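On a predicted model such as this, the values are computed, not experimentally measured, just so you know. In what follows, chains are A, B, ... by sequence order, proteins preceding strands, each numbered from 1.
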Protein chains: 2
Amino acid sequence: MCYAIVRFGKEFSLIMSIAPEISTEQKIKDVARVIFTKKGFLATTIRDIATEADINVASINYHFGSKENLFAFIMDETIKRLFDKIEPVFNDETTTIAKKIELCVGYYIDQILENPDFIFFMVNEVMGGSTKLPMINNMRSLVNSYFAKQLQALQITGGISFHPVNIMWNMAGMITFPFLSRPQILQSGSFNQDEFLELMQERKKLIPVWLNAMMNV
Amino acid sequence: MCYAIVRFGKEFSLIMSIAPEISTEQKIKDVARVIFTKKGFLATTIRDIATEADINVASINYHFGSKENLFAFIMDETIKRLFDKIEPVFNDETTTIAKKIELCVGYYIDQILENPDFIFFMVNEVMGGSTKLPMINNMRSLVNSYFAKQLQALQITGGISFHPVNIMWNMAGMITFPFLSRPQILQSGSFNQDEFLELMQERKKLIPVWLNAMMNV
DNA sequence: GATTGATTAAAACAATTGTTTAAAACAGGC
DNA sequence: GCCTGTTTTAAACAATTGTTTTAATCAATC
């Protein structure tokens, strides 16, 4: 609980919760997400988190059991956030393939632009190679989505001449690659931060166009 | 040095180097490449390497100074191997853009198929965020390659209506993404190992076609 | 105001890490 | 056979890690 002793003329009064209450648990989660995302699981120490959150190291294990538990918890939350927004788009039965792609690309790029390290977080998880990942269930739900069915139908009717999963892979690859190599891109001096962002804004419009062109080969 | 005592009738003879000489240094490099690639820099311990290479931990620091030095050495070598093959393709002034893309895609995918963890190695490096990377010099040389000039010319003459770097990013993204998510793909059960490989073989032919379609939008 | 249960804090713990030391083993030249 | 410099080994070192312990603090209830 957060107090403040406030002078008011000659009176002193004790005011509770002058700042919005932020629980230790929430502080840990907020800080841990940032540090895990930036440095990865292994390079992050619970002392990093404790220092940054201004709490005791023991509190982390008290609230989350272990470093690994904390990481898993945050990971679940992060992935859930993403898929909770993508799934409705994919399963909307009233929109065309082209519209779904347009929405998905736009949303995905915006998501990464807001949280640039998110992509590293995802890759980190993949590379960790751990099983029982919430990611897999989410991926499976995308494979079974209405969008997937639309693509399969497109293949059967001869609309595309290749396996529909290629559409998904190409979309994901085109969205994510520039972000993955961004550190190198910026450091090599080919583009500065603003130029990079502008290119990504252009790509929001271009990727759907490109994917459309692909489907017509 | 490697000896063997070989029986020959009633004679015994001492034969030197019956097996090809493998120096300690080479053993360390071979083992370290595999383990670093598989587990990443942080998760790899010099004791892992020493045990696997069947040598003493101190030998690693004797020959390479430090774990970080060893990693940098291997990284340099690995990246050099890749770019030494891509650069000639990119700088050949007698081949068309389409042909360069075809060669590059095919070679790149083959390279990753041969060493599936290579892509994680690359991403690991990017995510490590270290400076003074040989990678950056290599990327810069690609940006200044004859292929890049061909793409720029194509944009100027109106052959493409967007920044040529998008071609590079799309090519790289489409090549790498399936490999990055392979662990999830296989684990989710959508495809098995053989199906995945077959899809990648198809993509060797399809990606150049798709890129060509893109350039005509 | 004492009691209770939940939370926080400081310190210690055990294990693992990369690195160094100092001695042994080795190979080659005289 | 002895000496020389190189390589390998076992052991120790210092630092850092995640975790646990134990006591103090806090907020609420009676």
Closest to side chain of [X], choosing from [options]:
X	options	value
B/V57	D/dT20, C/dT7, D/dA11	D/dA11
A/I46	C/dT19, D/dT19, D/dT9	D/dT19
A/S66	C/dT21, D/dT19, C/dA6	D/dT19
B/K67	D/dT19, C/dT19, D/dT20	C/dT19
A/N56	C/dG18, C/dA10, D/dG18	C/dA10

When rounded to whole Å, the CD1 to C1' distance for the pair A/I60 and D/dT17 reads 13 Å
Indicate whether any N or O donor in one side chain lies under 3.5 Å from an N or O acceptor in the other, for A/Q111 and A/Y107.
-> yes
Do A/K149 and A/Q152 have side-chain N/O donor and acceptor atoms under 3.5 Å apart?
-> no
Check whether any side-chain nitrogen or oxygen of A/H63 sits under 4.0 Å from OP1 or OP2 of C/dT8, and answer yes or no.
-> yes
Give a yes/no on whether any side-chain N or O of B/T24 is located under 4.0 angstrom from OP1 or OP2 of D/dT8.
-> yes
Heavy-atom closest contact (A/L142 atom, A/M168 atom, distance) | O-CE, 4.1 Å
What does B/S59 touch in the nucleic acid at a heavy-atom separation under 4.0 angstrom: a base, only the sugar-phosphate, or nothing?
-> base
Hey, which sits more toward the 5' end of DNA chain D by its nearest nucleotide, B/D54 or A/T44?
-> B/D54
Describe, in one word, how the ring planes of B/F36 and B/F41 are oriented to each other, choosing from parallel (under 30°), tilted (30 to 60°) and perpendicular (over 60°).
-> parallel
